[in-house]
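Inspection log for the structure reproduced underneath, given as structure tokens.
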Amino acid sequence: MCAAQAGLLGKKTLLLERNDKVGAKILISGGGRCNYTNTGTTIANFISENPDFLHGIFKQWTVEDTIDFFEAYGIKGQEKTLGQLFPATNKAKDIVAVFSKILYETEQDIALSTLVKSVEKNADGFTVHVESPKGEHLYRAKKLVIASGGLPVQKLGASDFGLRIAKQFGLELVATAPALVPLTITGKDADWYSSLSGNSVFSKVSVAGMSFEENILFTHWGLSGPAILQISSYWRPGQEIILDLLPNFNLDNLIKQERQVGGKRLVSQLLNDYFSRKLVDALGKFLALDIKIASLSKADAKLIVDTVHRFKVKPAGDKGYDKAEVMRGGVSTAELRGKTLESKKIPGLYFGGETVDVTGWLGGYNFQWAWASGYVIAQAI
């Protein structure tokens, strides 16, 4: 995005790409469909030590700008759940093709399969030492943009390169960790979760005052699904997560209604109205399922309500960077100028995208940040 926007302004860039093709991570995003923005984007959808920093960036490049930009190159968006926008073709390669077209037409240089070995600052800019199939080279430039992403998906060349460059130049880093990542369960409860592998339940998932209502997915190693990925960005090791497995109903009221008509049905029959048979059977580990509703004591009824609406989970950890969508943390926004993303300490050095301490929710927000940060840097270089 940065190279494309710079090209549209008549500037000349060299894009150093470690992979043998551009946009590798775009191509796998959204299951190959690319959820390229979200119509409801606000700074509340981002995690950062200073979310207000985003105001200066998102004023310059809005969601409408993203939509208009891609439409101008033939990408018609289709909105799915929760404001998520995908290409109508459902093909991520169409998004990459937009950038390839602009880079070609504006005559930007691209060096593929090129690994940056070192970066040095000198009086008139930067010297970048690279290694490629053609051998080793030195490139010199007045401005240097680090948009090398985060640590997830190592097989696509993800590395700590951006973080190492920031450290080299003395910039402060916010602690990094996998985000938008499945959570693992070990110990005595592991088999219980494993037995439910494949079951999906619409739930409200909460931790530390934050909550999301979407599907959760039981897996053979723990929990996944959109709501779990979302909450994982806020969860910290040792914290307990609360699952409301029936957020759109009040189970206490449902039990009372059953009592009013005689309460002849069993607890299992009531729960079967809302959950899969497999999940109901599994809940039998915690609840007496074969009791008639009319026979429930107050304590029994409370246990059922608490178990369904306040199911407690204490994850052992997460599935790590290989299964994470993004990296949390990165270059501190305190180190960057609020309108250009230029380093305050090192003039001419810019950081954008996932390398920066800005992490979006699941649903197109991280792409919106990528486009916006690329745009503002392109204006400044």
Side-chain angles (χ1 to χ4, degrees), residues 1-18 22-23 25-26 53-62 65-66 69-70 72-73 96 98-112 114-116 118-130 137-150 161-171 330-358 366-381:
M1 181 63 163
C2 183
Q5 291 292 339
L8 292 171
L9 291 170
K11 301 176 182 182
K12 186 68 175 172
T13 67
L14 166 63
L15 180 61
L16 300 176
E17 172 59 65
R18 182 177 180 176
V22 295
K25 200 167 179 184
I26 297 174
F53 179 85
L54 289 165
H55 281 304
I57 308 298
F58 285 152
K59 277 180 184 173
Q60 297 178 69
W61 185 267
T62 65
D65 290 325
T66 294
F69 169 72
F70 285 110
Y73 289 91
V96 176
V98 168
F99 294 113
S100 297
K101 177 181 172 66
I102 296 170
L103 294 173
Y104 175 77
E105 290 179 347
T106 61
E107 299 182 341
Q108 304 308 301
D109 291 328
I110 305 173
L112 298 174
T114 299
L115 182 66
V116 176
S118 66
V119 172
E120 294 173 15
K121 179 83 172 78
N122 44 50
D124 57 351
F126 300 87
T127 300
V128 181
H129 175 204
V130 307
H137 311 272
L138 291 178
Y139 292 111
R140 292 180 175 87
K142 291 183 178 178
K143 307 287 178 73
L144 180 64
V145 180
I146 307 295
S148 54
F161 173 77
L163 304 177
R164 283 188 278 117
I165 296 298
K167 278 185 189 173
Q168 175 187 330
F169 288 110
L171 275 61
V331 178
S332 172
T333 56
E335 296 283 4
L336 306 175
R337 301 195 183 281
K339 290 187 177 178
T340 64
L341 296 174
E342 183 180 20
S343 165
K344 293 176 182 176
K345 289 177 183 167
I346 312 294
L349 179 63
Y350 300 77
F351 289 86
E354 196 178 349
T355 309
V356 181
D357 174 37
V358 175
N366 287 294
F367 271 129
Q368 180 60 26
W369 161 242
W371 314 143
S373 59
Y375 173 83
V376 301
I377 295 172
Q379 309 308 300
I381 58 176

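Below, each value reflects all heavy atoms present in this structure, side chains not excepted, and no hydrogens, waters or symmetry copies.
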Interatomic spacing from CD1 in I346 to NZ in K344 - rounded to 0.5 Å: 13.5 Å

What's the verdict on side chain to side chain contact (heavy atoms under 4.5 Å, CB included) for F69 and I102, showing C-alpha distance, side-chain angles and the deciding distance? CA-CA 11 Å; F69 169 72; I102 296 170; 3.6 Å; yes

Is the closest side-chain heavy-atom distance between L341 and F53 below 4.5 Å? yes

Going by heavy atoms in the side chains, are K25 and E354 under 4.5 Å from each other? yes

Could you tell me which non-hydrogen atom of G348 sits nearest to which non-hydrogen atom of F126, and how far apart they are? O-CE1, 3.5 Å

Quick check against the 3.5 Å criterion: does E120 have a side-chain atom that pairs as donor or acceptor with the backbone of T127? no

Which residues pass the side-chain contact (heavy atoms from CB on, under 4.5 Å) test with L112, not counting sequence neighbours? E17, V22, I110

Treating E342 as the side-chain partner and I377 as the backbone partner, does any N or O pair qualify as donor plus acceptor under 3.5 Å? no

Non-hydrogen side-chain atoms of K101 and V98 separated by less than 4.5 Å: no

Mind checking whether F99 and L15 have side chains closer than 4.5 Å, heavy atoms only? no

Approximate separation, where rounding is to 0.5 Å, of L8 CG and E105 CD: 9.0 Å

Smallest separation among heavy atoms of Q168 and V119, with atom names: NE2-O, 2.6 Å

Considering non-hydrogen atoms only, spot the tightest contact between G162 and F351 and give its length. O-CE2, 3.7 Å

Summary of side-chain hydrogen bond (donor to acceptor under 3.5 Å, both in side chains) pairs that have at least one residue in residues 366-381, sequence neighbours excluded: T37-Q368, T66-Q368

If we ignore hydrogens and angles and just use 3.5 Å, is the side chain of K59 paired with the main-chain N or O of K339 as donor and acceptor? no

Between OH of Y139 and CG of D109, what distance do you get to the nearest 0.5 Å? 8.5 Å

Restricting to side-chain contact (heavy atoms from CB on, under 4.5 Å), what partner residues turn up for S148, sequence neighbours left out? I146, F161, T355

Heavy-atom neighbours of K12 NZ exceed 12 at 6.0 Å: yes

Rounded to the nearest 0.5 Å, what separates atom CG in L336 from atom CG in L171? 7.0 Å

Heavy-atom side-chain proximity of K143 to T13 below 4.5 angstrom: no

For C2 and I381, work out which heavy atoms get closest and say how close. SG-CD1, 4.3 Å

Here the pair of heavy atoms bringing E335 nearest to K345 is OE2-NZ, 3.1 Å

List the steps, then state whether side chain to side chain contact (heavy atoms under 4.5 Å, CB included) holds for F367 with M1. CA-CA 10 Å; F367 271 129; M1 181 63 163; over 6 Å; no

Shortest non-hydrogen contact between L103 and A3, atoms and distance: CD2-CB, 3.5 Å

